[in-house]
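All remarks here apply to the structure that follows.
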Amino acid sequence: MSDAEPLAPQYSAAAIEAPLYADWQARGLFAPSTAPGARPFVIVIPPPNVTDVLHMGHGLNNTVQDVLVRFERMRGRAALWLPGTDHAGIATQNVVEKLLAAEGRTRFDLGREAFVARVWQHVRAKGGIILQQLKAIGCSCDWSRTRFTFDPAMSRAVREVFVRLWEEGLIYRGYRVIHWCPRCHTALSDEEAEHADVEGALYYIRYPMADGGEPITVATTRPETLLGDVAVAVNPEDGRHRAFVGRHVVLPIAELEIPIIADEHVEAGFGTGFVKITPAHDADDFEVGRRHDLATPIVMTADARMGDAALGGKPGGRVPAPLFGMDRFEARKAIVAMLKERGLLEKVESRLHAVRHCYRCDTVVEPRLSDQWFVTMEPLAAPALEAYRQGRVRFIPERRGDEFEQWLTGIRDWNISRQLWWGHRIPVWYCDRCGLQQAFREDPVACPACGGPLRQDEDVLDTWFSSWLWPFSTLGWPEATADLERYYPTDVLVTAPEIIFFWVARMIMAGIHFVGRVPFHTVYLHGTVRDTHHVKMSKSLGNGIDPIEVVNRYGADALRFAVTNGLGVGTDIILDPNDLDTSFASGRNFANKLWNVGRLLLSSLGDGPLPALAEVPAGELTLPDRWIVSRLARVARETTEHLERFRLNDAVGTPYHFLWDDFADWYLEEIKPRLRDEAPGGAAARAVAAHVFDRVLRLLHPAMPFITDALYRRLPGRGDASIMVAPWPGADAGRDDPDAERDFAFVQALVNAVREVRAEYGVKPGAELKIVVSRLAPRQAGAIAQAKDMIRRLAKVGALETAAGEASVLGRVGSHALLPDGAEVFVVLGDAIDVGKECARLKTELTRLDGQLAAVRGKLGSESFRTRAPADVVARETEKERQWTARREALAGKLAALGCA
RNA sequence: GGGCGAAUAGCUCAGCUGGUCCAGAGCGCCUGCCUUACACGCAGGAAGUCGGGGGUUCGAGUCCCUCUUCGCCCACCA
């Protein structure tokens, strides 16, 4: 890739992107600058699951990060974007278990060691594909620092953190009801058990009184847990039922006598007022049971089949033979049928209710009583809340901070143990001889207390227990490395809002607790990629768009343009998976436009070095030159500000419209004749065009890295320098020139007016017209004089006359159009004129003007407006009224002259 | 059940501190052009009661209330 190669006539993303990426890598441009004084700017990637393949969500997430990183790199920061992957405990284990299932085996057939080896084998063979795919979309990550949450170094950080928390007394073992996924065979945290509405039923079941009295009725959505009931509870304040407390009922099917108790937990007004208490199968009931010292019989196995845990693998006890081994949902039906048969089913009401589901496999989660490891979160949450309230970490959009705050305020302890094999094994050892139970930094050989043999806890840690350390474990913590010193804390975290609690909040807590500083000052939460029905894109729903396919068809730049251009702060991205052409048309079109602008310029700029803009004598700059340079100044400022405010849509849209609407449609059209050999003004035009194009390429580079670099390198005098490290256009990008902007706007209005008349009257495209521009202010006359050739060419005008006052050419042979500040243009059409049509045209204009005038006069006529509105607003309205009145008079004059009715 | 957000052209969205926005863009649509950078283009154009209703204000797409519809987050009423 060098500037010696000519630009291909046809833009081909495929032809430029891969070689450029290889070149960036070969030059080491992704490593943070070591220039003295370069302040670091750091982003750590939200590590995708190691076995993931890129989907649009990743495409969006990583494009945003790359835009920010490239922007700051160009601004001279020592930009580091640290990449990596997550071992993703449950997800990855599931993937390999599925592979085994295809072979007709389970992980238990292999055993723990062989299974873990198998997962590693899979990860080594198939893992990390996604990192290669990130390269295809142009991500400028420092690949030399790639991390994996299961790397030895990361594992060491995990171990250190666990032991520290242990030493601080913040880790404890708890026997309680947790969320259990019967399919994944593991406990889940509260966050991993997601609510989803399910069409269910409320079953009203009669429990006969042990003393033969009238049966009571209990309402439940989960009849299958009935066998685990140990009591029926009523609210102590419930007048209707208070008398029942202390009596006993006969638990149906199990045929056991259980007491009726009183507990605050029961809502008196709800249902029948009687609630079955099943401590081993419901978290609330567990608390009730604890308060009343009740037994906790387990009647379901780990895979959610009926079975009395007390009896091991045998039927009996609370679970009678016909139900034994039955799946929970089958059992629900069976138990309901049995109750019905016995006349104990009073009624069934269908009901929509929220049921928790496994976030990895979507199986309905089963509350399960078991021993698990927990982290006491409150002491970690308090400093995080304080940091947030002090503004040491902010959220974009801001409202997401409220969610964060709310969650931290009511934080619950974190269940960190998983009954999986793929993950960081819990570093706790047990001594069966002396009962020691302790966490170790290094694997122990024998019990430090009694010298007896030790066995390690079988469970592994929640995958998020390694993720929450990511911003500092990746930089070498717990070692005091140079990287940690230089790059921590990081700057911005870019991620999806659904991960705030899983990850963002915990990283903030961990950063403060273990390193002493918030891990990033800004959390930018972008939207979700959805289809045209606003359904989140996902592989399982089949409504996804494969970003790699988009790259192959339209290029990474088109992909990136499309996602950033559609990205308002906090809004979702809607794309149509059934119409890639439409979804990515604007990006593809724009890339093509850029390419062709490049072709035009490169064929005209010559090979020699061009003078810098500053070296062109001011006197040689024409009105269009000054105009485009002034526009550029503003566009550079605005683009910078949009990026600083994370308004990516505007950050892309601003240079897009400048390049297309101003630079290509007007400026390039204007300078075409000047670009011909030896044409007057050519030197200035070349210098200005090269300057402006160079700068707009830089402004677009963060969003469209490939095509901008491909073009930039070929600009004269660039040698082979990459735009990646070209300075970001600052105050020196252009030169503000309000006069030039106003004058050029007038010229544009004139050209547009003539074009409209041409279209209106169907004038042949090639035909040159005569126009007379009249009622000109001196400044406007000057503008026309400066842009005469351009007006002739762009409006196809053969003869251009100007007049300070009223034009002498009037009558029924042309069309009038009004220009800014009272000027007007008369387009001579000769016989082509249609008086009726012209009258209609002018009348439409008059009607519109009258409407505006009425509005502004209404305002000015209002006493309250003149006294209460700010003086500058009143002045503005007064000026409007003056101008519009003048226009109206001019229009009325034309109508009269034409003899319109 | 609690909290939050959004409703602007056929579609996807801008419209940032209420007044130069007589309501904008991209895609789509209509008309005319292959004008030697680009038809993935050029020029022109049609298209919106700014979800409904009420209010605040001299003035509201922009602020407040309410209704409707979508969406998100949280949640132990079985």
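Quick note: numbers below take in every heavy atom, side chains included, and nothing from hydrogens, waters or symmetry partners. In what follows, chains are A, B, ... by sequence order, proteins preceding strands, each numbered from 1.
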>> Heavy-atom nearest nucleotide on RNA chain B for Asp284(A) versus Val873(A): which residue maps closer to 5'?
In response: Val873(A)
> Heavy atoms under 4.0 Å, any strand shown: does Glu267(A) hit a base, just sugar-phosphate, or nothing?
Replying inline: base
> Closest to the Arg412(A) side chain: A37(B), C76(B), G5(B)?
Replying inline: C76(B)
> Could one point to a donor on the side chain of Arg400(A) or the base of C73(B) with an acceptor on the other under 3.5 Å away?
Replying inline: no
>> Output the rounded distance in Å from CD1 (Ile216(A)) to P (A78(B)).
In response: 18 Å
>> Please confirm whether the shortest side-chain N or O distance from Trp666(A) to OP1 or OP2 of A43(B) is below 4.0 Å.
In response: no
> Can you tell me if the side-chain N/O atoms of Asn752(A) get under 4.0 Å from OP1 or OP2 in G44(B)?
Replying inline: yes
>> Output the rounded distance in Å from CD1 (Ile499(A)) to C1' (C72(B)).
In response: 16 Å
> Considering only side-chain heavy atoms of Thr220(A), which listed nucleotide, A78(B), A37(B), C76(B), is closest?
Replying inline: A78(B)
> Which base, if any, makes a Watson-Crick or G-U wobble pair with C27(B), both distances under 3.5 Å?
Replying inline: G10(B)
> Is the distance between the ring centroids of Phe502(A) and Tyr359(A) under 6.0 Å?
Replying inline: yes
>> Counting only Watson-Crick pairs (N1-N3 plus N6-O4 or O6-N4) and G-U wobbles (N1-O2, O6-N3), all under 3.5 Å, who is the partner of G18(B)?
In response: none
>> Which nucleotide wins on minimum distance to the side chain of Tyr656(A), given the candidates C42(B), C40(B), G26(B)?
In response: G26(B)
> Where the side chain of Arg647(A) is concerned, which of A78(B), G15(B), C74(B) is the nearest nucleotide?
Replying inline: G15(B)
>> Between the base of A37(B) and the side chain of Glu669(A), is one N or O donor paired with an acceptor at under 3.5 angstrom?
In response: yes
> Donor-acceptor pair, Asp413(A) side chain versus Met377(A) backbone, under 3.5 Å?
Replying inline: yes
>> If you only use heavy atoms from C-beta on, which nucleotide in U12(B), C38(B), G19(B) is closest to the side chain of Ile574(A)?
In response: U12(B)
> In Watson-Crick or G-U wobble terms, both distances under 3.5 Å, what is the partner of G59(B)?
Replying inline: none
> Just by distance, do the side chain of Trp180(A) and the backbone of Leu369(A) share a donor-acceptor pair under 3.5 Å?
Replying inline: no
> In the structure shown, which nucleotide is the Watson-Crick or G-U wobble counterpart of C42(B), with both distances under 3.5 Å?
Replying inline: G32(B)
>> Whether Arg876(A) contacts C21(B) is assessed here as follows: a side-chain N or O lying under 4.0 Å from the phosphate OP1 or OP2. Is that the case?
In response: no
> Taking only N and O in the side chain of Asn596(A), is any of them less than 4.0 Å away from OP1 or OP2 of C40(B)?
Replying inline: no
> Does His353(A) make a side-chain N or O approach to OP1 or OP2 of C76(B) shorter than 4.0 Å?
Replying inline: no
> Are Glu366(A) and Arg368(A) close enough, and set up right, to give a salt bridge (Lys or Arg N to Asp or Glu O under 4.0 Å), and what steps lead you there?
Replying inline: CA-CA 6 Å; Glu366(A) 191 60 38; Arg368(A) 181 173 169 81; over 6 Å; no
> Any donor and acceptor pair, going by atom type alone, linking the side chain of Arg857(A) with main-chain N or O of Glu881(A) inside 3.5 Å?
Replying inline: no
>> Using a heavy-atom cut-off of 4.0 Å across all strands, would you classify Arg755(A) as base, sugar-phosphate, or nothing?
In response: sugar-phosphate
> Hey, is the side chain of Lys859(A) poking within less than 4.0 Å of OP1 or OP2 on G19(B), counting only N and O atoms?
Replying inline: no
>> Any side-chain N or O of Ser583(A) below 4.0 angstrom from OP1/OP2 of C11(B)?
In response: no
> Which of these nucleotides, A78(B), A43(B), G5(B), is closest to any side-chain atom of Val266(A)?
Replying inline: A78(B)
> Is any side-chain nitrogen or oxygen of Lys536(A) closer than 4.0 Å to OP1 or OP2 of G71(B)?
Replying inline: no
>> Both conditions, 6.0 Å and 45 degrees, for the charged tip of Arg876(A) above the ring of Trp884(A): are they met here?
In response: no
